[in-house]
Amino acid sequence: MQAATPEADVLWKQILAKDPERRPVATYDKDYYKRNRGTLLEGSGGYSYLRNQIQKPLTVLMIVVALVLLIACANVANLLLARAASRQREIAIRLAIGAGRWRLISQLVLETLVVSLLGGLLGLHLRGGARVYF
């Protein structure tokens, strides 16, 4: 920081000298060069002004997106429950003829995974810009 400050001051004076809209300094303004200089900050903290301006709107946006995803998950769970309720008779018949519970559960989970995978791929395809490589 100590070595970079004089270099930055020189660069700032060069920028001011080449500015086409710059007006000459008034003769009565003795402290002009003390007030008109840049301040060096450590880069590890980032540009805090921009971060402070964007932080609250991004937090609100993330909360809204999380709520929309929660609603979507609830809707999908509701659809799966309705589908299972409509297949209750089929499941009862399969159990009656000797299918094991784990076999039925694995079949239902596999069907759900296939439907969700196809839905995700269709969503990516309809989005347009995404490429899926297998």
Side-chain angles (χ1 to χ4, degrees):
M1 291 290 281
Q2 293 173 351
T5 302
E7 292 179 26
D9 287 340
V10 169
L11 287 174
W12 181 247
K13 288 177 184 176
Q14 290 174 354
I15 290 170
L16 286 178
K18 292 182 181 179
D19 185 11
E21 296 181 9
R22 183 171 178 252
R23 296 182 182 156
V25 180
T27 55
Y28 59 85
D29 194 1
K30 304 291 183 192
D31 295 332
Y32 174 78
Y33 290 108
K34 288 182 183 177
R35 286 183 289 112
N36 193 7
R37 52 187 303 185
T39 304
L40 294 180
L41 301 174
E42 291 184 21
S44 63
Y47 187 51
S48 61
Y49 173 76
L50 184 63
R51 181 177 55 234
N52 291 338
Q53 291 292 332
I54 296 176
Q55 187 173 11
K56 288 182 184 178
L58 279 181
T59 304
V60 171
L61 182 65
M62 286 180 14
I63 290 171
V64 169
V65 167
L67 288 175
V68 168
L69 285 175
L70 183 66
I71 292 170
C73 289
N75 284 338
V76 169
N78 192 18
L79 289 172
L80 289 173
L81 282 174
R83 188 168 154 228
S86 68
R87 294 180 69 182
Q88 187 175 8
R89 185 173 179 173
E90 173 193 347
I91 293 171
I93 291 172
R94 286 179 186 244
L95 283 172
I97 59 175
R101 288 182 187 258
W102 287 111
R103 183 161 177 93
L104 282 176
I105 290 172
S106 65
Q107 177 188 351
L108 293 174
V109 168
L110 182 66
E111 287 176 2
T112 303
L113 286 175
V114 168
V115 168
S116 63
L117 180 66
L118 289 176
L121 289 175
L122 181 65
L124 285 175
H125 177 70
L126 291 177
R127 183 172 162 250
R131 303 237 187 263
V132 179
Y133 299 104
F134 289 104

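- The side chain to side chain contact (heavy atoms under 4.5 Å, CB included) search around S86 returns none, not counting sequence neighbours.
- Listed by chain and residue number, nothing satisfies the side chain to side chain contact (heavy atoms under 4.5 Å, CB included) test with I97 (two or more places apart in sequence, or in another chain).
- The shortest side-chain heavy-atom distance between I91 and Q88 does not fall under the 4.5 Å cut-off.
- Within the structure, side-chain hydrogen bond (donor to acceptor under 3.5 Å, both in side chains) contacts touching residues 55-71 (residues at least two apart or in different chains) do not occur.
- Its side chain outside the 4.5 Å cluster rule for every partner, M62 clusters with none of the Ile, Leu, Val, Met, Phe, Trp and Tyr residues.
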Let me check something: any side-chain donor-acceptor pairs from residues 99-106 under 3.5 Å, sequence neighbours excluded? List them with distances.
| residue | atom | partner | partner atom | Å |
| --- | --- | --- | --- | --- |
| S106 | OG | W102 | O | 3.1 |
| S106 | OG | R103 | O | 2.9 |

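- Applying the side chain to side chain contact (heavy atoms under 4.5 Å, CB included) test to D31 and every residue at least two apart in sequence or in another chain returns K34, R35.
- Between L108 and T112, the shortest heavy-atom distance links the atoms O-OG1, 2.8 Å.
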Criterion side chain to side chain contact (heavy atoms under 4.5 Å, CB included) on L80 and R83, from CA distance to verdict: CA-CA 5 Å; L80 289 173; R83 188 168 154 228; 4.1 Å; yes
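- With contacts defined as side-chain heavy-atom distances shorter than 4.5 Å, the pair L118/V114 qualifies.
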Verdict with reasoning, I71 to N75, per side chain to side chain contact (heavy atoms under 4.5 Å, CB included): CA-CA 6 Å; I71 292 170; N75 284 338; 3.9 Å; yes
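- For Q2, the side chain to side chain contact (heavy atoms under 4.5 Å, CB included) test picks out no residue, with sequence neighbours left out.
- In terms of the side chain to side chain donor-acceptor pair (under 3.5 Å) criterion, residue partners of Q107 (sequence neighbours excluded) are, by chain and number, R94, E111.
- Taking CG of L121 as the reference point, atom CG of L126 lies at 11.0 Å (rounded to 0.5 Å).
- Linking ILVMFWY residues whenever their side-chain heavy atoms come closer than 4.5 Å, directly or via other members, leaves L79 and V115 in distinct clusters.
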